[in-house]
2 protein chains.
Amino acid sequence: MTDTVISSATREVVLGLERPFVMIGERINPTGRKILAAEMAAGNFSRVESDALAQIAAGAHMLDVNAGIPLADEPAILARAVQLVQSITDVPLSIDSSIVKALEAGLAVYRGKPLVNSVTGEEERLETVLPLVKKYGAAVVAISNDETGISEDPDVRFAVAKKIVQRAADHGIPACDVVVDPLVMPIGAINQAGRQVMHLLGRLKNELKVNTTCGASNVSFGLPAREGISATFLSMAIGAGLTSAIMNPMHLEIVKACMAADVMMGHDPDCARWIKRFREAPPLQAAGGAAPPPEGAGRGRREGGHRRRVQSQA
Amino acid sequence: MTDTVISSATREVVLGLERPFVMIGERINPTGRKILAAEMAAGNFSRVESDALAQIAAGAHMLDVNAGIPLADEPAILARAVQLVQSITDVPLSIDSSIVKALEAGLAVYRGKPLVNSVTGEEERLETVLPLVKKYGAAVVAISNDETGISEDPDVRFAVAKKIVQRAADHGIPACDVVVDPLVMPIGAINQAGRQVMHLLGRLKNELKVNTTCGASNVSFGLPAREGISATFLSMAIGAGLTSAIMNPMHLEIVKACMAADVMMGHDPDCARWIKRFREAPPLQAAGGAAPPPEGAGRGRREGGHRRRVQSQA
């Protein structure tokens with residue numbers, strides 16, 4: 001199967017259908033975070049630093065870094081944020097901007113092979129972003145929309161993704177370095193958004209054979225108990241072939257879903273990572289708390305019936 | 001698509017790929033519950049009554065009723081339990097026993113069209129249980145194992161399920177009244193159990209076109225933070241085509257996963273059921289507690305970035 005390698009100066013992360021799911025922390029993003037935006041614009045990166053360390057402690061394998069601040073010098077701020085995060089962590093980064101000069105500034109200072117977030121199917125974006133991705137030997141997130149916007153027809157989105165993969169090849173970028181974002185819309189607004197994404201993930205896995213990522217928080221926008229919607233979306237999407245997501249690792253319910261999905265897909269041998277994180281208290285405290293052991297234990301007792309039923313059949 | 005109708009005297013529940021997921025409460029089962037077993041054997045059904053009401057309040061659409069107590073008169077106890085539960089609730093029941101005489105005793109007193117749990121692919125079971133299912137006009141759970149036991153090869157299990165559906169037809173039972181249990185093994189013991197079930201669910205949906213159920217608690221047997229594993233298993237399995245499960249509705253994390261899966265599959269129009277349960281506090285208290293609103297609210301703020309990103313793309 002296709003493997004996509006992303007790296008820092010000292011660590012590699014591999015996206016793939018036969019690999020554990022890759023959690024990309026979304027928190028270093030000033031959009032909608034006024035305090036963080038003001039601090040970054042003023043050259044204060046202390047919150048960027050604490051957000052980076054907290055997301056990694058919570059389980060993030062990579063971090064997305066965005067410096068989209070209106071009227072600020074985004075290229076300089078993004079480059080500085082990338083350098084700072086790389087100076088205090090060794091996880092690979094996703095360099096996130098809609099401004100090509102900012103992407104280039106981030107790429108210029110990055111040590112390793114980053115994920116460029118992102119290119120769309122729009123001609124102007126393809127012809128400005130792909131050469132940069134090739135120049136720096138990076139991988140790129142391909143968002144399946146184009147000049148016509150985001151189609152609600154997953155097969156139209158598939159065609160856009162296929163076009164981006166082909167265009168990347170024209171620029172000398174292999175398909176394994178294109179990570180497709182099927183685009184997850186808020187399901188509170190578009191009730192079929194989940195079905196659309198699952199169908200598209202299936203085609204991307206079986207036909208285009210590329211790795212995938214998405215902004216997982218979008219799906220639950222506007223709904224109460226968001227974590228429950230996001231956790232189930234991720235579980236279902238991983239089952240359908242999603243291999244990474246830009247998400248909020250600070251919510252244990254969501255990290256649990258991704259770790260449980262690794263167990264379910266057979267990507268956590270002997271459930272070792274699951275057991276280590278959820279049975280041993282000390283590491284858990286550091287990583288953001290565990291599910292209450294009494295509940296698990298109580299449930300174990302109460303479900304002897306089904307356990308025994310299975311054992312008698314086995 | 002195939003619809004399976006199960007009913008009480010006054011209420012119908014329909015299993016189907018284009019229907020909301022059906023949660024079947026597993027708690028009325030003395031196996032592994034010593035106090036309940038002793039009470040039922042002594043003719044005290046107060047806990048059966050409270051378990052029935054509590055599971056329905058927590059969201060169960062149907063209840064499984066099992067009276068498997070060693071050395072007790074299971075047919076009489078099962079019949080009494082079925083009558084009692086039907087006297088205090090209107091949800092359809094799954095009559096659960098490995099003893100044919102007990103199934104018949106339960107069927108004889110049941111009002112409506114029950115789900116018989118279960119028949120296997122074993123010749124002796126097929127020829128004793130299927131005539132009963134036909135006689136009482138019930139639906140039946142078909143467990144995909146036979147004299148050779150439970151195969152770890154999902155395609156062998158598929159063949160067993162297909163044989164049961166064909167044999168049911170020989171007895172005049174339509175395929176829509178056969179609900180296949182793909183058999184969910186503890187993933188802590190069989191790491192590929194999840195992949196096996198997802199593959200089998202796909203074949204059952206696309207080739208045999210039958211409805212499905214399973215003992216969902218089995219998958220997390222022996223693991224810490226069981227609810228997380230069961231919730232993700234159910235989310236992924238519903239995405240793969242599972243249409244019902246015998247499960248523990250007393251754990252909000254698991255009920256949330258099933259309700260979120262309905263949202264994700266487009267089976268909760270306008271997310272109305274999700275919003276009603278998780279936004280309105282009073283009904284929630286009665287139904288087992290909600291996710292803490294502050295968290296949801298806080299998350300909404302923190303994720304403005306992704307919200308805005310989507311809006312700008314839309």
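Here is the naming used below: chain letters follow the sequence lines, and residue numbers restart at 1 for every chain. Everything numeric here is computed off the predicted structure, so don't read it as measured data.
- In this structure, the portions of A:A261 lying under 4.5 Å from any heavy atom of chain B include both its backbone and its side chain.
- A donor-acceptor contact closer than 3.5 angstrom is absent between the side chains of A:D153 and A:S151.
- The shortest heavy-atom contact between A:V65 and A:A81 is CG1-CB, 3.8 Å.
- For chain B, the nearby parts of A:M264 are the backbone and the side chain; heavy atoms of each come within less than 4.5 Å.
- Considering only heavy-atom pairs separated by less than 4.5 Å from chain A, the leading option among B:A260, B:G194, B:A189 is B:A260.
- Of the residues considered (A:D268, A:V197, A:I187, A:D270), A:I187 shows the highest number of contacts with chain B, using heavy-atom pairs under 4.5 Å.
- The part of B:V219 that comes within reach of chain A is its side chain, from C-beta onward, which places non-hydrogen atoms under 4.5 angstrom from that chain.
- Of the listed residues (B:Q192, B:R195, B:M259), the one with the most heavy-atom contacts under 4.5 Å to chain A is B:R195.
- Interface remark: A:A257 contributes backbone and side-chain atoms alike to the contact with chain B (heavy atom separation under 4.5 Å).
- With a 4.5 angstrom heavy-atom cutoff, A:N66 does not touch chain B via any of its atoms.
- In the model, B:N29 has no side-chain atom that pairs as donor or acceptor with a side-chain atom of B:D64 under 3.5 Å.
- Taking a cutoff of 4.0 Å between a charged side-chain nitrogen and a carboxylate oxygen, A:R33 and A:E26 do not qualify as a salt bridge.
- Side-chain contact between B:L63 and B:S94 is absent, with no heavy atoms from C-beta onward closer than 4.5 Å.
- Between the side chains of B:R226 and B:S220, at least one donor-acceptor pair of N or O atoms lies under 3.5 Å.
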